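Have a look at the structure below before the remarks.
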Amino acid sequence: MHKKSLFDDSEEEGQGEYDEGGEADEFDIDGDDNFERPEAQDMDFLSSDEEADSLPTKPTKPTKKPRFAASSSDDDDDDEEAEEEPTTARNIEARSRALEAKAIAERAADMAEAAAAGAGEETMFALPSAEQQEAEASGSAPVDVNELQLRMRECVKVLGDFKKFAAPNRSRSEYVQQLLADIASYYGYNAFLAEKLFDLFPVAEAIEFFESNELPRPVTIRTNTLRTRRRELAQALINRGVNLEPIGKWSKVGLQVFESSVPIGATPEYLAGHYMLQAASSFLPVIALDPQPGERVLDMASAPGGKTTYISALMQNTGVVFANDANKERTKGLTANVHRLGCRNVVVCNYDGREFPKVMGGFDRVLLDAPCSGTGVISKDASVKQNKSARDFTLLSHLQKQLILCAIDSVTPSSSATVVYSTCSVTVDENESVIAYALRKRPHVRLVDTGLEFGREGFKAFRGKTFGEEMGKTRRFYPHVNNMDGFFVAKLRVGKPGKRAEQAREESEDEQGGDVGLPLEKMAFDDEADAELIRESKRKYLLKHKGIKLRPKAKVDAALCKTNGKDAESDEE
Ligand SMILES: C[S@@+](CC[C@H](N)C(=O)[O-])C[C@H]1O[C@@H](n2cnc3c(N)ncnc32)[C@H](O)[C@@H]1O
């Protein structure tokens with residue numbers, strides 16, 4: 001029987017020269033491949049960013065040493081292995097995978113080991129005194145990093161079996177508070193965000209999450225099937241000294257780059273638009289959206305276009321994709337990517353998403369890859385650790401709620417009318433709460449399966465809020481679980497609105513002040529803490545309804561809202 005090669009995507013060829021075809025894809029990931037692989041020489045590992053509209057040239061190390069350091073004996077083992085057999089192009093993927101898996105396993109094992117080791121210990125871990133805590137917090141008595149690590153381990157151990165390990169006069173919340181303070185100081189988070197993220201997981205898993213934010217994610221690229229096939233792209237890059245592999249069975253277009261002797265964002269293939277540097281997680285909402293050739297699709301917050309160009313490719317350059325972004329500056333990179341990748345069915349436009357569907361509607365599908373706090377991509381942007389406050393989450397959640405209603409109202413209801421909502425954030429405020437709100441305000445909308453093969457179920461309940469069984473259809477992705485950015489995907493089907501749905505729609509318009517151009521700083525929502533902002537919003541609504549028209553925030557930029565193809569021209573409004 002003919003054995004398929006590693007990059008054999010021959011099944012994709014039925015629907016056009018470079019088209020993606022159906023979902024099934026049979027890679028022989030572990031088997032031999034048919035490619036000539038040049039010896040690895042002087043390989044630089046390059047950073048990847050989904051939003052890379054500039055070309056990454058700075059080499060970075062493949063992995064950072066986990067801060068919960070592995071034991072030295074393990075390091076010795078590595079050295080011995082390295083002496084036994086030198087790293088070559090043939091064994092490098094396996095080594096790289098093994099190292100990654102080892103790092104993750106070690107961090108998880110650390111906690112378990114610490115707990116097991118402590119089980120036989122006689123000495124009981126003592127929480128620091130109130131004075132000591134105060135001195136540490138004020139900075140007058142800084143704690144040594146090893147001591148901090150040890151204390152965190154001890155707290156995790158106690159919280160893992162409180163009855164057994166806790167000191168008699170101490171409460172669970174005292175250990176939690178100490179652990180939170182130590183997490184914030186050890187990993188560099190503000191206290192608010194450390195707690196918000198900690199609350200998402202069981203204690204030991206929370207540490208794994210924080211640890212994984214210290215490690216870079218794998219460099220991944222997406223084959224642009226409008227220009228080439230994955231097998232051809234892989235061969236071309238291998239010939240240039242790039243070491244790569246298919247991203248996983250779940251994608252027929254993704255490749256993971258392990259090492260490269262050339263800057264991966266400046267190869268002739270990159271410049272010719274044969275691929276997009278794109279985080280693995282960013283494939284997921286587009287797979288869930290499942291756009292079809294000939295459809296009319298809106299990508300509501302699209303810059304710099306990783307998902308837009310994927311949508312365009314899945315539609316085989318037919319139909320029309322409106323690629324919108326409220327940030328005019330960012331639409332420049334979006335336009336450049338659209339051109340580079342040869343997407344002729346894309347119209348770039350520059351509205352505030354909350355102006356839809358007033359500016360245009362009647363879409364078959366809408367992707368809302370919403371602006372978010374970025375708590376899923378901390379490994380790429382560590383500034384999130386310090387710069388996000390409670391107010392940011394209130395405002396973002398409100399913006400997301402406004403946007404999702406506009407996304408829903410922009411599709412023509414039908415049995416296939418789809419809205420996909422995604423964020424690169426892991427907080428509940430920005431994900432399940434937004435979806436629950438949308439379902440409440442738009443009763444003709446229901447959650448459907450994302451069609452994604454992996455990912456955890458969304459929260460059905462969280463800290464006193466009940467979202468219901470249905471929320472299990474949404475998907476959460478985590479760096480420590482999936483070795484990809486933290487991400488959330490929900491898929492909604494938009495049916496025909498009944499009377500009740502119309503009523504709910506009108507109510508929500510009133511609640512939002514009917515003012516789609518409300519600036520972010522002034523946005524309000526039904527949160528008690530924001531009562532003042534809600535009043536302001538209502539005042540504007542009344543003004544507007546007395547005939548005082550507010551100017552929309554973002555205007556169409558005629559130069560940017562240009563069409564690149566015939567189909568697009570005929571569909572433009
Ligand atoms: C997560 S990024 C989108 C990434 C993009 N989907 C991609 O895959 O390349 C969110 C985008 O939302 C845009 N944005 C922020 N507020 C918006 C609004 N009110 N309407 C439309 N876009 C908005 C931002 O400029 C940003 O480009």
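Counting starts at 1 for both ligands and their atoms, in listed order. All figures in this text were calculated on a predicted structure; none of them were measured in a lab. Both backbone and side-chain heavy atoms feed into the values below; hydrogens, waters and symmetry mates do not.
- With respect to K491 and D449, no salt bridge is recorded, no charged nitrogen being found less than 4.0 Å from a carboxylate O.
- No donor-acceptor pair under 3.5 Å is formed between the side chain of S302 and the backbone N or O of G305.
- Taking only nitrogen or oxygen atoms, main chain and side chain alike, G306 reaches within less than 3.5 Å of ligand 1.
- Ligand-side atoms of ligand 1 in range of N327: 25 (O), range being under 4.0 angstrom from any heavy atom.
- Residues H480 and E205 bring a donor and an acceptor atom of their side chains to less than 3.5 Å of each other.
- Under the rule for a side-chain contact (heavy atoms from CB on, under 4.5 Å), the partners of T267 that lie at least two apart in sequence or sit in another chain are L237, R240, V262, E269, Y270, Y275.
- Residue K307 has at least one heavy-atom neighbour below 4.0 Å for each of these atoms of ligand 1: 6 (N), 7 (C), 8 (O).
- Salt-bridge check for K358 with E355: failed, with every basic side-chain N at 4.0 Å or more from each acidic carboxylate O.
- Residues passing the side-chain contact (heavy atoms from CB on, under 4.5 Å) test with D429 are K196, F393, S397, T427, sequence neighbours excluded.
- Aromatic ring pairs are classed by plane angle as parallel below 30°, tilted from 30° to 60° and perpendicular above 60°; the pair Y189 and Y187 is perpendicular.
- By the 4.0 Å N-to-carboxylate-O rule, K385 lies close enough to E214 to be salt-bridged with it.
- Not a single heavy atom of C372 sits under 4.0 Å from any atom of ligand 1.
- The pair K307-D369 meets the salt-bridge criterion, with a side-chain N (NZ, NE, NH1 or NH2) lying under 4.0 Å from an Asp/Glu carboxylate O.
- Contacts between R330 and ligand 1, counted as non-hydrogen atom pairs separated by less than 4.0 Å, involve the side chain only.
- Of all the listed residues (S282, A323, G353), G353 holds the heavy atom that lies closest to atom 20 (N) of ligand 1.
- Some N or O of G305 is nearer than 3.5 Å to an N or O of ligand 1, by distance alone.
- Remark: ligand 1 and D352 share an N or O pair separated by less than 3.5 Å (distance only, no angle test).
- Residue contacts with ligand 1: A301 is placed with a nitrogen or oxygen under 3.5 Å of a nitrogen or oxygen of the ligand (distance criterion only).
- With hydrogens and angles disregarded, a donor-acceptor distance shorter than 3.5 Å links the side chain of N345 to the backbone of T318.
- Of the N or O atoms in D325, one or more lie within a sub-3.5 Å distance of an N or O in ligand 1.
- Compare L396, V377, D369 by their heavy atoms: the one nearest to atom 1 (C) of ligand 1 is in D369.
- Residue contact check: A370 has heavy atoms under 4.0 Å from atoms 1 (C) of ligand 1.
- Of all the listed residues (S302, S422, C406, P371), P371 holds the heavy atom that lies closest to atom 14 (N) of ligand 1.
- Selection from G333, P285, A326, A279 by nearest heavy atom to atom 22 (N) of ligand 1 gives A326.
- Those atoms of ligand 1 with a heavy atom of M300 less than 4.0 angstrom away are 21 (C), 22 (N).
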